[in-house]
Visitor: 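My questions all concern the structure below.
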Amino acid sequence: MAKGNGTPLTDELYAYMLGHNPPLDPVQRMLVETTHTQLPLVAGKQVAEEQGPLLAFLVRLTGARRIVEIGTFTGLSALSMAQALPSDGTLLTCDVSEEWTEYARTAWAKAGVADRIELRIAPALRTLQDLPAEPHIDMAFIDADKDNYIAYWDELVPRMRPGGLLAVDNVFYHGDVTDPDATGLAAAIKDFNAHVRADDRVDSVMLAVADGLTLARRR
Ligand SMILES: C[S@@+](CC[C@H](N)C(=O)[O-])C[C@H]1O[C@@H](n2cnc3c(N)ncnc32)[C@H](O)[C@@H]1O
């Protein structure tokens, strides 16, 4: 069976990889620990530890100044991206949970980036539909309710500047996307992945980062 040239990611190799990435800063570390101690049942929603530095890297690489995120949770991905923005950059992040995003607000204030981040508590689709229709977004990160991924994508793509970057998390859906009989959210992600592949408004690549990450660039 074709497996590409990938090296299986053992625990040792994962630790080695993290050890060769930028370390979490004290606020990021606090946020990871607080999320695990205070919200143990849902802590798995947080982006994987290597994704914060990756998102920050992508912000710097693209020179993004206007970012939109769907799915704030306790705020680690937003924190990582906001810290990489230039001082006049802004990040709009969307969630429906006051409880979970309270941790985010605390961390952003501690890190000194709260003034760059706007949090909107409302269904993200509504927030996106209220944004200006013209292309004005440099980077977007989709990491929320999987059955709305196609709707988020279709609101975001026309609003992306040419060359703008979309990053989408959980495109493997824990590996369930290879199940021909997938149902529910796994089927929703399969539909989303097919939707992206067929979309000639973007160039896209799917990567084996964490639970699968798609990167796409608006043509
Ligand atoms: C996987 S978590 C996001 C993790 C986050 N990016 C991080 O770095 O920790 C998904 C988030 O999407 C939010 N969410 C679910 N449905 C939503 C909706 N319709 N609109 C906005 N946010 C939603 C949840 O409340 C949850 O906080």
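In each ligand, atom 1 is the first atom listed, and ligand 1 is the first ligand listed.
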Visitor: Quick check: are there more than 12 heavy atoms from other residues, nucleotides or ligands sitting under 6.0 Å from CZ of Arg65?
Guide: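 It does not: Arg65 CZ has 12 such atoms or fewer within range.
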
Visitor: Only pairs at least two apart or in different chains count here, so list each salt bridge (charged side-chain N to carboxylate O under 4.0 Å, His left out) that has a residue in residues 66-83.
Guide: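 For residues 66-83: none.
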
Visitor: Please determine if Asp154 and Arg201 form a salt bridge, counting it only when a charged side-chain N lies under 4.0 Å from a carboxylate O.
Guide: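 Counted as a salt bridge, because a side-chain N and a carboxylate O are separated by less than 4.0 Å.
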
Visitor: Can you list everything that forms a side-chain hydrogen bond (donor to acceptor under 3.5 Å, both in side chains) with Tyr14? Sequence neighbours excluded, please.
Guide: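 Tyr14: side-chain hydrogen bond (donor to acceptor under 3.5 Å, both in side chains) contacts with Glu50.
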
Visitor: Are Leu85 and Val27 connected in a single hydrophobic cluster, I mean Ile/Leu/Val/Met/Phe/Trp/Tyr linked by side-chain heavy atoms less than 4.5 Å apart?
Guide: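 Per the 4.5 Å side-chain linkage, Val27 and Leu85 are co-clustered.
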
Visitor: Any protein N/O atoms within less than 3.5 Å of an N/O atom in ligand 1? List the atom names and distances, or say none.
Guide:
| unit_1 | atom_1 | unit_2 | atom_2 | d |
| --- | --- | --- | --- | --- |
| ligand 1 | 6 (N) | Gly71 | O | 2.9 |
| ligand 1 | 6 (N) | Ser77 | OG | 2.8 |
| ligand 1 | 6 (N) | Asp143 | OD2 | 2.9 |
| ligand 1 | 8 (O) | Ser77 | N | 3.0 |
| ligand 1 | 8 (O) | Ser77 | OG | 2.8 |
| ligand 1 | 16 (N) | Asp145 | OD1 | 3.4 |
| ligand 1 | 19 (N) | Asp145 | OD2 | 3.3 |
| ligand 1 | 19 (N) | Tyr152 | OH | 3.4 |
| ligand 1 | 20 (N) | Ala124 | N | 2.9 |
| ligand 1 | 25 (O) | Asp95 | OD1 | 2.6 |
| ligand 1 | 27 (O) | Phe73 | N | 3.3 |
| ligand 1 | 27 (O) | Asp95 | OD1 | 3.4 |
| ligand 1 | 27 (O) | Asp95 | OD2 | 2.6 |

Visitor: Partners of Phe192 by ring pair (Phe, Tyr, Trp, His ring centres under 6.0 Å), sequence neighbours excluded?
Guide: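 Expected list: Tyr149, Trp153.
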
